[in-house]
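Inspection log for the structure reproduced underneath, given as structure tokens.
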Amino acid sequence: MTDDPAGYSTVLCLAEIAGLVHGFGGAGWSEADFLAFAASLDLRPVIMRQVHSDTVHRLDEVPAGKLEGDALMTNAPGLLLVIRTADCLPVFLVDAKNRAAAAVHCGWRGTEKRILEKAVQAMVRSYGSEPGAMLAALGPCIGSACYEVGPEVRKSFLRAGFPPAVLAEAPGRPGKSLLDLRAANIWLLDGLGFKNDNILDSGSACTHCEPHLLSYRRNPGDSRRMYNFIGFRLGS
Ligand SMILES: [Zn+2]
């Protein structure tokens with residue numbers, strides 16, 4: 001992952017795809033900054049009211065009203081799919097052959113509802129995407145060392161079929177677990193037939209530890225969110 005002076009980071013494999021625009025935003029961007037950036041590329045941003053659901057929207061054009069949900073997908077150039085985060089994991093899915101992309105909001109609730117799996121399945125149905133040929137890029141999120149959860153969260157993940165390895169015991173904290181959001185979502189991608197090399201994971205940046213990223217757990221009073229975006233430019 002490379003950091004752009006504009007305040008977002010990109011993934012080389014995605015940057016190489018002609019016409020594809022993407023980035024994982026940092027703390028430096030206001031909503032106005034982001035909207036100006038989108039306008040400068042002649043892209044229409046689609047920003048949902050995110051509700052930690054497993055709702056995936058297919059977009060063929062800019063929606064008339066504000067959508068409620070946690071994943072967007074499109075094969076229409078000119079749209080910029082947006083996921084806003086502060087600790088949750090943003091994931092981009094790309095089917096370069098069919099020129100389709102998705103942006104998915106994977107917090108613990110969405111992950112437990114397997115929203116990433118549902119987004120991939122929706123791309124398979126809508127665009128004929130093949131998981132073995134798709135790319136997935138994981139942005140920064142809260143790291144497992146900083147993400148303590150209670151026994152009820154652990155129980156719900158195990159009930160949803162996740163392996164216990166994604167919830168290590170929190171050292172010296174009986175009953176508490178450390179949730180690894182990245183590992184849980186990579187496990188879903190593995191199960192769908194994604195190739196290891198096609199799962200692009202920066203791996204290191206923890207939103208809770210890195211001061212240049214926003215973290216709800218570090219600063220619950222801060223209502224700012226990071227803008228993560230992906231879309232195909234017009235004429236591409
Ligand atoms: Zn951390």
Side-chain angles (χ1 to χ4, degrees), residues 1-14 22-30 34 50-52 70-71 82-92 103-116 136-158 160 162-190 196 199-230:
M1 206 142 78
T2 56
D3 285 315
D4 191 280
Y8 61 88
S9 58
T10 56
V11 178
L12 185 60
C13 264
L14 299 191
H22 78 284
F24 294 111
W29 250 358
S30 68
F34 172 71
Q50 297 172 187
V51 290
H52 299 282
D70 293 275
V82 181
I83 294 294
R84 299 163 71 246
T85 56
D87 285 342
C88 293
L89 172 69
V91 179
F92 301 143
V104 190
H105 172 223
C106 306
W108 80 257
R109 292 182 190 84
T111 298
E112 184 263 333
K113 292 173 188 140
R114 303 172 78 122
I115 187 172
L116 187 58
L138 282 64
C141 72
I142 190 165
S144 60
C146 294
Y147 203 17
E148 185 178 285
V149 296
E152 68 293 342
V153 173
R154 180 187 170 81
K155 217 178 286 170
S156 70
F157 268 77
L158 298 180
F162 286 88
V166 306
L167 294 132
E169 273 176 46
R173 304 270 296 160
K176 302 285 190 182
S177 304
L178 298 173
L179 173 57
D180 191 333
L181 274 182
R182 313 184 79 80
N185 282 286
I186 289 171
W187 180 81
L188 287 175
L189 294 170
D190 280 340
N196 276 347
I199 300 174
L200 315 166
D201 179 14
S202 62
S204 52
C206 167
T207 49
H208 193 264
C209 293
E210 301 277 342
H212 70 283
L213 300 172
L214 297 175
S215 168
Y216 175 77
R217 280 216 171 182
R218 173 166 28 91
N219 196 354
D222 188 344
S223 62
R224 291 179 301 157
R225 295 290 178 266
M226 299 183 286
Y227 287 82
N228 310 286
F229 55 92
I230 189 164

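Throughout, residue positions are numbered sequentially from 1 according to the sequence presented. Each ligand, and each atom within it, is numbered from 1 in the order the structure gives.
Figure legend: R225 and Y216 shown without cation-pi pairing, the cationic atom not lying both under 6.0 angstrom from the six-membered ring centre and within 45 degrees of its axis.
For the Zn ion (ligand 1), protein N/O/S neighbours under 2.8 Å (waters excluded) are C146 SG, C206 SG, C209 SG.
The side chain to side chain donor-acceptor pair (under 3.5 Å) analysis of residues 144-156, with sequence neighbours excluded, yields the pairs E148-R173.
Closest approach of V11 and L200 over heavy atoms only: CG1-CD1, 3.7 Å. Across all non-hydrogen atoms, the minimal contact from C206 to G143 is SG-N, 3.2 Å. Closest approach of A27 and R224 over heavy atoms only: O-NH1, 3.3 Å.
In this pair, F229 and Y8 present their aromatic rings perpendicular. The plane angle is above 60°, beyond the 30 to 60° band.
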